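Single-structure report; data block below.
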Protein chains: 2
Amino acid sequence: MEHGQEQSRSWDQELRSRGYRVTPQRQLVLEAVAALDHATPEEIAASVQRTAKGVNISTIYRTLELLDGLGLVAHTHLNHGAPTYHLATEAGHVHLVCQDCGKIEEASRETITPLTQALDDRHGFEVNVSHLTVFGRCHDCRSKTDE
Amino acid sequence: MEHGQEQSRSWDQELRSRGYRVTPQRQLVLEAVAALDHATPEEIAASVQRTAKGVNISTIYRTLELLDGLGLVAHTHLNHGAPTYHLATEAGHVHLVCQDCGKIEEASRETITPLTQALDDRHGFEVNVSHLTVFGRCHDCRSKTDE
DNA sequence: TTACGTGCAAAGTCTTTGCAACCAT
DNA sequence: ATGGTTGCAAAGACTTTGCACGTAA
């Protein structure tokens, strides 16, 4: 994918133009987020250990906070534990988390446009889709309980 | 409100019928959840201190977990910190959390029926509405940024 | 009476912070 | 050169757990 090149250039500039520095740690974290998708800070740290000598966990947290603030990555809370991070560019979907079996599905952006539209119309509220997680019961678990 | 009586009776039985005991601590916690609405475990603990000699924080956690499991209360994550609890019976709304100013609005259940409907139709997924929190930017913050 | 429930304290998980050394610009 | 960044270690916020005592049923 020649795609990686393009993106590299763009976030480099995004950082520098705002006065932040481009460091190897930040590159590694961003790569890990892209590669793993839906990874927790710990998982990102573990992933980065394999590649380089490692990035300190507190640097991971600081970097994720920065990238999140810049809109390069986004996070969502899929369970009671740590949040998971993903690239903002691949944020065009919503997570459906089953509270019975824990399975995580994805729903397309179109599925929720009625919601975003309604909230905009009725509350003037602009939904952050990449941060949206919907809890409930999945198809399989509903069948089992037979209800 | 003669309403309180009714509810008292019903959750009493709900507990007993499932083999759990009705204790003063559980009553106090449930009352606090009802009175505070959207309260964190710490806030519930603080509220209960005023009334009685106090309920230990670990009992608060254990009680909330129990009541949540029984479907008497529900929780949602309004921010990065502790979750907030509310009565399951007053769960007929969704929270809109502004990521700029932190303001929390509520949207009626009707506003999101298109979503729940779509997820049911397309994924067979049953949405847990009382657990749903939508992040984004509120009307005021959008105006300020003038966009 | 007899488990279930509670308080207490200790431990666990996840995250933030202070500070000296470091390095991208 | 110089101020943003990092690593490290300690502290913090939030939650869970083990165990002896207390109490609802």
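All values below were derived from every heavy atom in this structure, side-chain atoms included, with hydrogens, water molecules and symmetry-related copies excluded. Order of the sequence lines fixes the chain letters, A, B, ..., with proteins taken first and strands second; residue numbering starts at 1 for each chain. All of these numbers come straight from a predicted model, not from anything done at the bench.
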(request) Report, as a single string ordered 5' to 3', how protein heavy atoms within less than 4.0 Å touch nucleotides 19-25 of chain C: B base, S sugar-phosphate only, - not at all. (result) ----BBS
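In this entry the distance linking NE2 of B/His80 with P of C/dT15 reads 9 Å, nearest Å. In this entry the distance linking CD1 of A/Ile60 with P of C/dT13 reads 19 Å, nearest Å. Atoms CG (A/Leu66) and P (C/dT16) sit 13 Å apart, rounded to a whole Å. Atoms CG (B/Leu28) and C1' (C/dT6) sit 13 Å apart, rounded to a whole Å.
Shown here are the salt bridge (charged side-chain N to carboxylate O under 4.0 Å, His left out) partners of A/Asp37, two or more places apart in sequence or in another chain: there are none.
Between the side chain of A/Thr59 and the backbone N or O of A/Val55 there is no donor-acceptor pair closer than 3.5 Å.
Looking only at side-chain heavy atoms (C-beta outward), A/Leu132 and B/Phe135 stay at 4.5 Å or farther from each other. In this structure, A/Ile60 and A/Val29 have side chains that are in contact, with non-hydrogen atoms separated by less than 4.5 Å. Considering only heavy atoms from C-beta on, B/Asp120 comes within 4.5 Å of A/Arg142 through its side chain.
Comparing B/Pro83 and A/Gly54, the nucleotide of DNA chain D nearest to each residue sits closer to the 5' end for A/Gly54. Heavy-atom nearest nucleotides on DNA chain D were determined for A/Thr63 and for B/Ala82, and the one closer to the 5' end corresponds to A/Thr63.
OP1 or OP2 of C/dT6 has not a single side-chain nitrogen or oxygen of B/Asn56 nearer than 4.0 Å.
Remark: the A/His75 side chain and the A/His131 side chain contain an N/O donor-acceptor pair separated by less than 3.5 Å.
Residue-level contact check: A/Thr40 touches neither bases nor backbone, having no heavy atom under 4.0 Å from any strand.
From the 5' end on, the contacts that DNA chain D makes with chain B at under 4.0 Å to a non-hydrogen atom open and close at D/dC14 to D/dA25.
When the options A/His95, A/Glu43, A/His86 are evaluated for a side-chain hydrogen bond (donor to acceptor under 3.5 Å, both in side chains) with A/His38, the one that passes is A/His95.
When every heavy atom of B/Leu15 is checked against every heavy atom of B/Arg21, the shortest pair comes out as CD1-O, 3.8 Å.
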